[in-house]
Every structure is written in C-alpha cells, then in structure tokens.
Amino acid sequence: MVTSNYSSEEVYDLIAGIPDPEIPVITIKDLGILRGVTLVDDTYVVTITPTYTACPAMGMIEDQIKEILSAHHIPKVKVELTYEPAWTTDWLTQEAKLKLKNYGIAPPSHSSCSKLFTVADKVICPRCNSTHTELISRFGSTACKALYKCDDCKETFDYFKCH
Amino acid sequence: MNTQEATYKYALRLGDSALVLGHRLSELCSKGPILEEDLALTNISLDMIGRTQALLKYACELEMQGKTEDDLAYRRSENHYYNYLMTEQPNGDFAHTIARQLFISVFEYLFYTELEKSKDATLAAIATKTLKEIKYHMQHSVEWTIRLGDGTAESHKRMQTAINDLWMYTGEFFEMDHLDMFLLHQHIAVDTHPLKAKWQDYIKTALTEATLIMPIDSYMQTGSKKGIHSENLGHILSEMQYLQRAYPDAKW
C-alpha cells in the first residue's frame, strides 16, 4: 500500500498548515483545532475539535484535510470530531496571538474564563495598543469573537473571546 | 428498558430542547430589535444547534438503527418530540424572548454543571463543551432582564408581564420521571430536584435587581416528557421539517 510511505507525523505536518476558514492568518494547528493523527490499520484517522460546538467551519476543514491528503495519494482518511477535551483559547500559542493582533483581532487577554457575571478584563486595542476600550456586543461576527471599540483611535475591532 | 435505551431517550430529550429553542431563536434572524441583538440571538441559536447536533448524533449511536441526526430532527412528529414546553413558546415581544432565555439559561447552567459529572463519558464531554457557551447566554439574559426591568415604565411593565406569562412553564425543569430516576441510580442522569432552590435563588437575585416581582408557584404546565405539547410545536415543525417532507432525502 502507498499509505505506508507516510508516518502519522508526516501526515500531521501535511495538514497542519491549513488556514482557519474564518481567520485565514492562523492555521488549524495554531488554533488547536487539529488534535492529532493516528494510523489505524491502513487508515489515517485525523482528530479535530470544534472551537464552539456549532463552529460552521468544521465541514470545510474536513474537506480540506481530505483534499490535501488525496493530492498526496493517501486515499484512506477518516476525520473524527471530538469534544473531549473541550477546546480552550489556552491552546493558542503566543505566535498565534501575535498573528491575530497583526490581523486586527485582539487576542484573548488571559487564560480561559470560568467566571460568571464579569465584564471581560482589559482588552487592548490591536491597532493603537490603547487600554481605553469598550464592549459593544458580547456576540460578534463569528461565535468566537466579541465586538469592541477603542476610545482613543475610535476604531471598532473584534476581540477573540476567552473560552 | 436497558441503560442504552434509556440513555438514548435522555440524549434525545436534551437534544430536542436545544433544537426547538435553537429554531425559535433563529426565527429572530434579521428581526432583532437592534443589530447587536440580532447577532447575539442568532449566535445563541447557533450554539443551540451545535449542541443539538452533538446530542442527537450520540442518540443515533445509541439507537443503532443507522439513522443520522438529521433523520431525528426532520422525521419525527410532535408527539415524538420531548423538548421542554418552555422552549417552544413564541418569541413574543423582546421581553418574552429575554424572559424565556433567563429561565432556560439559568436552568441549563445548573443542569449542565451537574451533567459534567455524569458517568456517561459522552454526555459529560458534551456538558463541558456546552457549559462554556451557556455562561454567555446566562450573562446576556440576566443583563437584559435588569436593563428592561429597571428601565422605562413600558419596558418594566412588559418584562413583568413576560415573567408572569412564562412562569408556568418552569415547573417542568425540575420534574423527574421513571427514566430520569433509572439513569440517576446509574449516575448518568442529573437529579434536578435539588436544582430548584438554586435556580430560584439565581432568578430571585436577577429579578430583584431588575425591580421585578418573582411570581408565586401555582399551576404548572407539564407533558413534554410524554411527548405532549402546546399547539406551538406543530407550527415549528411544519416550518422546520418542510424541506424533508416536501423533498424526502434531499441533500445540500
């Protein structure tokens, strides 16, 4: 079989660079969506986890994984969705956070939130680095973001919520 | 009834509540009172549909009939749906939407916190995942309850009316039937009886801050665990299931 030409690690590397469909500056590896690849008999089992339960990007990510691997003549691929362990913004690397900031999205300000009834902690404007920012809406253009505005540069911006 | 059959039904009930509320909230898409609320309500709807997908998919695995979550969503009639009656209540004015959200999200916060400890690993994992989202829903509904209750005379009146109108659907949250008890003994289901006092505390705190009066328990509506519903569910399903009924097996 051709599949034996690739180790699970090599398959992982082939797909690690797939960009997130909604935030294309970061990859599914950066985000922590790609959990791992294992070889079961002659099938590569790719495990992914959604950021939010209903993340609409999952179908597209699955298609892209299959497309890339089929281009490398790896026919037997199974993409499995797991909820365990639950995705958290703690998995974002420092590098990924910097990429988000440069893209104009304020990265999560600290580790995952478990508190109730608190207004999110100080969010820094990704454009002018001001801390004078204000929450406009807890729910933004995608499930993982909230909408903020900067009181100094007056720009509105997305904030990647702690999760 | 064995454990697997009971767990199937349990997952189905939870999935149905998420599905029907998700559909109700999706009706507000492009009709929210302000743009930010349009986004918020449809985001919450999306979270609900995501949770539905996870729960109904698990139900299919337990049922072992080769069905998909879409089959369960689109091919059952109302007497085979087990969602809480609260979830099918109409959106009404914004106060009614918020009151429904307040009652449900506080209950779900308490419920899924307990379900996280379930001996059923899949249900526990779904609970952990969905709980992160529920906290946002709860925060959202509590803030709006306070804002409307402690707002203008008109918003106060409407919020109080909504709280009073929907109160009779809150009793169902804390019912335990034979299926719940059977699974509770196996440490799979949540015991909802002790949640009632906690739920009342949270609601009372929110209502007090909102200068609203907490209703006194009187007649409580019931029936959803047996598949008995208000007229609303039929109308919801006729819209939600239209495509699969008109064009069976249609694919995206």
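Order of the sequence lines fixes the chain letters, A, B, ..., with proteins taken first and strands second; residue numbering starts at 1 for each chain.
- Other residues, nucleotides and ligands contribute at most 12 non-hydrogen atoms within 6.0 Å of the CZ atom of B:Arg158.
- In terms of heavy-atom pairs under 4.5 Å with chain A, the best-connected choice from B:Arg51, B:Met48, B:Glu133, B:Lys57 is B:Glu133.
- Note that the CD atom of B:Gln139 and the CZ atom of A:Arg138 stand 4.0 Å from one another [nearest 0.5 Å].
- The OH atom of A:Tyr83 sits 10.5 Å away from the OG1 atom of B:Thr122 when rounded to the nearest 0.5 Å.
- Other residues, nucleotides and ligands contribute only 12 or fewer heavy atoms inside 6.0 Å of the OH atom of B:Tyr242.
- Across A:Phe139 and B:Ala40, no two heavy atoms sit closer than the pair CD1-CB, 3.3 Å.
- For the atom pair A:Thr53 OG1 and B:Ile49 CD1, the distance stands at 11.5 Å (nearest 0.5 Å).
- Within a 6.0 Å radius of CZ in B:Arg75, more than 12 heavy atoms belonging to other residues, nucleotides or ligands are found.
- Applying the 6.0 Å contact sphere to CD of B:Glu209 captures no more than 12 heavy atoms from other residues, nucleotides or ligands.
- In terms of non-hydrogen atom pairs under 4.5 Å with chain B, the most contact-rich of A:Thr51, A:Leu147, A:Thr142 is A:Thr51.
- Ranking A:Gly140, A:Ala143, A:Pro50 against chain B, the residue ahead of the rest is A:Gly140, based on heavy-atom pairs under 4.5 Å.
- The environment of CD1 in B:Ile213 is sparse: at most 12 heavy-atom neighbours from other residues, nucleotides or ligands sit within 6.0 Å.
- Contacts between A:Ile136 and chain B at a heavy-atom distance below 4.5 Å involve backbone atoms as well as side-chain atoms.
- Taking B:Leu35, B:Thr130, B:Asn43 one by one and counting their heavy-atom pairs under 4.5 Å with chain A, the maximum is reached by B:Asn43.
- Around atom NZ of A:Lys145, more than 12 heavy atoms belonging to other residues, nucleotides or ligands sit under 6.0 Å away.
- For B:Tyr74, the OH atom sits in a loose shell: 12 or fewer heavy atoms of surrounding residues, nucleotides or ligands are nearer than 6.0 Å.
- Rounding to the nearest 0.5 angstrom, the gap separating the OG atom in A:Ser137 from the CG atom in B:Asp38 is 10.5 Å.
- Between the NZ atom of B:Lys132 and the OG1 atom of A:Thr89 there is a distance of 6.5 Å, given to the nearest 0.5 Å.
- Within a 6.0 Å sphere centred on CG of A:Asn102, heavy atoms belonging to other residues, nucleotides or ligands number more than 12.
- Here the closest heavy-atom approach between residue A:Cys162 and residue B:Tyr136 is recorded as O-OH, 3.7 Å.
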